2 protein chains.
Amino acid sequence: MSGRAVTITEVARHAGVAVSTVSYVLSGKRAISADTRRRVLDSVRTLGYHPNAGARALASRRANVIALVLPLRAGMHVPVLMQFATSVVTAARQYDHDVLLLTADEGPDGIRRAAASALVDGLVLMDVELHDTRVPLLRDLAEPSVLIGFPADTSGLTCVDLDFARAGALCVEHLAQHGHREVALLGAPAVVYERGTGFARRTWEGFTEAAAAHGLTGVALPCEETFEQVAAVVGELLDTRPDLTALVVHNEAAVNHVLGALRQHGRRVPQDIAVVAICPDDIAERSSPALTSVLIPAEEVGRQAVRLLMDKLEGRTVPEGTLLQPRLTVRDSTAASGR
Amino acid sequence: MSGRAVTITEVARHAGVAVSTVSYVLSGKRAISADTRRRVLDSVRTLGYHPNAGARALASRRANVIALVLPLRAGMHVPVLMQFATSVVTAARQYDHDVLLLTADEGPDGIRRAAASALVDGLVLMDVELHDTRVPLLRDLAEPSVLIGFPADTSGLTCVDLDFARAGALCVEHLAQHGHREVALLGAPAVVYERGTGFARRTWEGFTEAAAAHGLTGVALPCEETFEQVAAVVGELLDTRPDLTALVVHNEAAVNHVLGALRQHGRRVPQDIAVVAICPDDIAERSSPALTSVLIPAEEVGRQAVRLLMDKLEGRTVPEGTLLQPRLTVRDSTAASGR
DNA sequence: CCCCGTTGTCGAAGCGCTTCGACGCTCTCA
DNA sequence: TGAGAGCGTCGAAGCGCTTCGACAACGGGG
């Protein structure tokens, strides 16, 4: 490597054409004869030319970079966040864009800075709360943005997420079909609900409503993440609700503790009690027994977010809300349950 | 927001000075009278001026962006990765740089592209293997880079990491002090060792050598991450080694399974068996009992990596290897052990 | 009192690219 | 056979910024 980088001027000289011709070959924005194209591409290859990103951004007013705004707050399950992040990067690359990582600790200023300096063409925000302080900012930003998660008021925005209400309901329906009459939801830590995190609340509501609709007794509880606290909640539940035969767990970090607590209390899964989780597949598969679960389709959500953002960048109009339908995978933690 | 962005020309006009003067006020590269400086800064503020990143990069040949190259491979503990990532972003912002996220699935080409296009000024690579294919590329890249983790041959590179050998030894020493005579290491999944992941191997070696040095019987085993597999290994260990009184666990995902397995086998921690973990503090604290642990100082490593990169960007020479000293925090999983 | 070194400011030349308008060809159709 | 319509290519004008050299204005030392 070393030395100065190859410029488009050198490529043009090497191929014996004008600079603009090289540019058109590379962008495909004007017709170019097959012969010229071949010669230019040859020169590009032999010289090892890479267009200068800054110059390109300056001249075209497009940086070909999008921002990914990560939160990092208590109670968020990090591996899922990471899945979102990597799928956003991968999807962005498919549209020939790169991804700039912005964290929450710079606050709204960071977003404004990146947008105003034309560092990025658009934004993807993760883990949006019901009353997110970043939302007003997005509304009057010139750059388009897409939210992963739904704030309370989605007007003027573009949001994508799994349909968590449906996910909660799906778990209940599955259990109802298997004859369970009394079920419990173990959710996120209390702080997550208090903060107004949409997906946690919506699961809760979906669970509660579906239980009512199917005539089940359903109780929903927040759930902390240390073994001791989980064991306490589980113990309490088992003691006070003798007819309880199924648990829905919507808390990645607590899933294994729940199973451990049940083991400790001498309950077998699924013979004594059924368990359904809402979590990534790898967690469900790695538990013992393997858990029937509704997976968080992080990869799909990330891809959709990028697709929507690209549509907006092209000037196409996109729907305000996009809800991905959950699917339930039956594994060993409910299968044998024939009561 | 909306409309076209404010340019330096408009600021200059508004403040009644030349464009270059505005530039010098902002960069501080030439002396400017207090009065002029104030007027310019006022204009900047009232107009809401943000320098265009592309133009700046083009003219100054510095993008003020660094790349963070993430792997994503089996057996890596994601939350730790995420800690690295966020600390790199935070540290970079302190040097007025942004972070571009590159993933491994584009391979070395992604690195080359980002560097050659002047999208980034330098690179931080995470989770480097002993024989990493990206390393030769880095050696002949014009852009400086810093590795988190040590490859087998570090010549011509800059590497930072926790001193894992020392971490393994520290655990042994702590246990030796508490009178333990036979100890076991439960490490990463076998695939991680086979792949040649430096930090896993170095912990193993540090553990083994320290055990020998202190006259302890020490056995080291890889450890998979499902509860069943962990329980099997733990069961086997307890059965075949009746004198075993302490476990060192270097596997974030398996830690809780180990505790669960010990519970299942009726062993109390720390009365019957002591446990030391090498893992982030939050995991150690959230376990029950809270674990004596050597923490992975992810935040410190990320910060150092950025500092080293900035030094290289400034043309300063930096050491090839930087090893961070581990510290052991005593908690409940070894404290009461008085044997 | 003259010369020279400072200090503060300006103008202009790029940085490497995209894109617009122009222009010379070659075809086609009347 | 000549006008008009593409097609393929070129030159030049920026995009918004940094940085270099120039140059007033001012003071201090000989």
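Every chain is numbered from 1, with letters handed out A, B, ... down the list of sequences. None of these values were measured; they are calculated from a predicted model.
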Can you tell me if [X] touches the phosphate of [N], counting only side-chain N or O atoms and a distance under 4.0 Å to OP1 or OP2?
| X | N | result |
| --- | --- | --- |
| Arg61(A) | dG16(D) | yes |
| Lys29(A) | dT19(C) | yes |
| Arg56(A) | dG16(C) | no |
| Thr21(B) | dC10(C) | yes |
| Ser20(B) | dT18(D) | no |

Atom [atom1] of [X] to atom [atom2] of [N]: distance rounded to whole Å?
| X | N | atom1 | atom2 | value |
| --- | --- | --- | --- | --- |
| Ile32(A) | dT19(C) | CD1 | C1' | 13 Å |
| Glu10(A) | dC15(C) | CD | P | 11 Å |
| Arg13(A) | dC10(D) | CZ | P | 14 Å |
| Arg38(A) | dG8(D) | CZ | P | 15 Å |
| Arg62(B) | dT18(D) | CZ | P | 13 Å |
| Asn52(A) | dG14(C) | CG | P | 18 Å |
| Asp35(B) | dT7(C) | CG | C1' | 15 Å |
| Leu119(A) | dC17(D) | CG | C1' | 14 Å |

Donor-acceptor pair under 3.5 Å: do we get one between [X]'s side chain and the base of [N]?
| X | N | answer |
| --- | --- | --- |
| Arg30(B) | dG21(D) | yes |
| Tyr24(A) | dC20(C) | yes |
| Arg39(A) | dG8(D) | no |

Subject >> Pair Asp109(B)-Arg112(B), salt bridge (Lys or Arg N to Asp or Glu O under 4.0 Å): steps then yes or no >> reply: CA-CA 5 Å; Asp109(B) 288 352; Arg112(B) 176 158 270 139; 5.3 Å; no
Original post:
Any side-chain donor-acceptor pair under 3.5 Å between Thr36(B) and Ser33(B)?
Top reply: yes
Original post:
Contact class for Val17(B) (heavy atom, under 4.0 Å): base, sugar-phosphate, or nothing?
Top reply: sugar-phosphate
**OP:** Would you indicate what Ser23(B) reaches in the nucleic acid, counting non-hydrogen atoms under 4.0 angstrom: base, sugar-phosphate, or nothing?
**Re:** base
Subject >> Selection from dC17(D), dG14(D), dG11(D) that lies nearest to any side-chain heavy atom of Ala18(A) >> reply: dG11(D)
Original post:
If you check the Thr7(A) side chain, which of dG11(D), dG16(C), dT18(C) turns out closest?
Top reply: dG16(C)
Original post:
If each of Ile8(B) and Val19(A) is mapped to the nucleotide of DNA chain D with the nearest heavy atom, which maps nearer the 5' terminus, i.e. the 5' end?
Top reply: Val19(A)
**OP:** Would you kindly compare Val6(B) and Gly16(A) by the position of their nearest DNA chain D nucleotide and give the one closer to the 5′ end?
**Re:** Gly16(A)
Original post:
When you match Ala55(B) and Ala31(B) each to their closest nucleotide on DNA chain C, which lands nearer the 5' end?
Top reply: Ala31(B)
Subject >> Short N-O contact, Arg139(A) and Asp153(A), less than 4.0 angstrom >> reply: yes
Original post:
Between Asp42(A) and Arg39(A), does at least one N-O distance fall below 4.0 Å, as a salt bridge requires?
Top reply: no
Subject >> Validation row: Val69(A), Arg134(A) side chains within 4.5 angstrom (heavy atoms) >> reply: yes
Original post:
Which is it for Ser117(A) and Asn52(B) under the side-chain hydrogen bond (donor to acceptor under 3.5 Å, both in side chains) test, yes or no, and what are the steps along the way?
Top reply: CA-CA 5 Å; Ser117(A) 66; Asn52(B) 179 295; over 6 Å; no
